[in-house]
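Some notes on the structure that comes next.
What you are looking at is a predicted structure, and each value in this text was computed from that prediction instead of being measured. Counting starts at 1 for both ligands and their atoms, in listed order. For this chain, numbers begin at 1 and follow the sequence in order.
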Amino acid sequence: MPLASRHLLGLEGVSQEDITDILDTAISMREILERPIKKVPSLRGVTVLNLFYEPSTRTRISFELAEKRLSADTINFSASTSSVKKGETLKDTVRNIEAMKMDMVVVRHKSAGAPYFLTQCLESNIINAGDGAHEHPTQALLDMFTMRQKYGKLAGLRVLLVGDIKHSRVARSNIWGLKAMGASVAVCGPSTLLPYEAERFGVDVYTKLDEALEGVDVVNILRIQLERQQSGMFPSQREYTNLFGLNHHRLKRLNDNFTIMHPGPMNRGVEITTDIADGPNSLILEQVTNGQAVRMAILYLLSGKKDSDKVEEVDA
Ligand code: CP
């Protein structure tokens, strides 16, 4: 089944069918990663620009490897070593690079909406690799793939997101994606780090972690953005750890066969203790491996899709 859009800007409004298609395709891609030669020719002749205006370890390397495993040509752009430093705008930058014949752009930017903006000035397929506090759809898809790999399904799972929900693009994409797939979603954090009227996202909202953990299958711990402490969002790191840090005393409240996840980068000893992060129920590194397979699936499914595709599909 073709995806409804030729871009991946977020998971809000994406159908259960499209998410299932991506996750099912990622199973085949995951199998490629287990082969001695981890490379297939699917994207031969396709050029992908990795346009990163913000730091990244996992997402940038994962996309680059995913592109290489599919035999695409990859170009890596880093704002800090480009003519952005001389004042060149985002629009001029991408239009100049596209003039060198790009087909797809993977973009991370501090401004929410930057990936959408690129769809308005480029012909390429656009994939959002994290835009401000808006969405990080590939992270949520790899999180869902990892949950489905363990439990066999997402419908009926109870998933708790803990931390800075208000500023988290990972939380937002997980909420949209998990709800589309029929999971039950809860969020927990200090009230200063929860979105205004968070219930309107269709999630259960908690400000006490011990209550929130009851009956949960998957806890996805978000990175606490330590710069928030300076802006008065929480009084001290120590207090945050006492009230919202996951430690082994709290695990007994979770369902049997529970899972611990974290998108990274982790603040060990702040939002999560090392024994849990590296413990038997942690799938944190499995998330990273699966991320490559999910990104391969997205690149494969979006590659070559044009605006005219929808019309042709209807005509056929
Ligand atoms: N999870 C995530 O987006 O990590 P990076 O910032 O390292 O890409």
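Remark: the backbone N or O of Ser56 is not paired with any side-chain donor or acceptor of Thr59 at under 3.5 angstrom. The backbone N or O of Ala114 sits nowhere less than 3.5 Å from a side-chain atom of Ser111 that would complete a donor-acceptor pair.
In summary, the atoms of ligand 1 found under 4.0 Å from a heavy atom of Gln139, numbered by their order in the structure, are 1 (N), 2 (C).
Residue contacts with ligand 1: Arg60 is placed with no nitrogen or oxygen under 3.5 Å of a nitrogen or oxygen of the ligand (distance criterion only). Between Pro263 and ligand 1, at least one pair of N/O atoms sits closer than 3.5 Å.
If you check which protein heavy atom lies closest to atom 6 (O) of ligand 1, you get Arg108 NH1, 2.9 Å. In terms of protein heavy-atom proximity, atom 7 (O) of ligand 1 is closest to Thr57 N, 2.8 Å. The nearest protein atom to atom 4 (O) of ligand 1, hydrogens excluded, is given as Arg58 NE, 3.1 Å; this is a heavy-atom distance.
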Salt bridge (Lys or Arg N to Asp or Glu O under 4.0 Å) evaluation trace for Arg158 with Asp204:
CA-CA 11 Å; Arg158 176 75 167 167; Asp204 299 318; 2.6 Å; yes

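Within the structure, ligand 1 lacks Glu54 among the residues with a heavy atom less than 4.0 angstrom away.
For atom 5 (P) of ligand 1, the choice among Gly130, Ala129, Gly264, Ser56 with the nearest heavy atom turns out to be Ser56. The nearest non-hydrogen atom to atom 2 (C) of ligand 1, considering only Leu142, Thr59, Val170, comes from Thr59.
Residues Ser173 and Gln139 bring no donor and acceptor atom of their side chains to less than 3.5 Å of each other. For Asn267 and Arg223, the side-chain atoms include no donor-acceptor pair closer than 3.5 Å. Between Asn290 and Gln149, the side chains place a donor N or O and an acceptor N or O closer than 3.5 Å (distance only, hydrogens not considered).
The only member of Arg108, Glu64, Arg60, Glu67 that meets side-chain hydrogen bond (donor to acceptor under 3.5 Å, both in side chains) when paired with Asn50 is Glu67.
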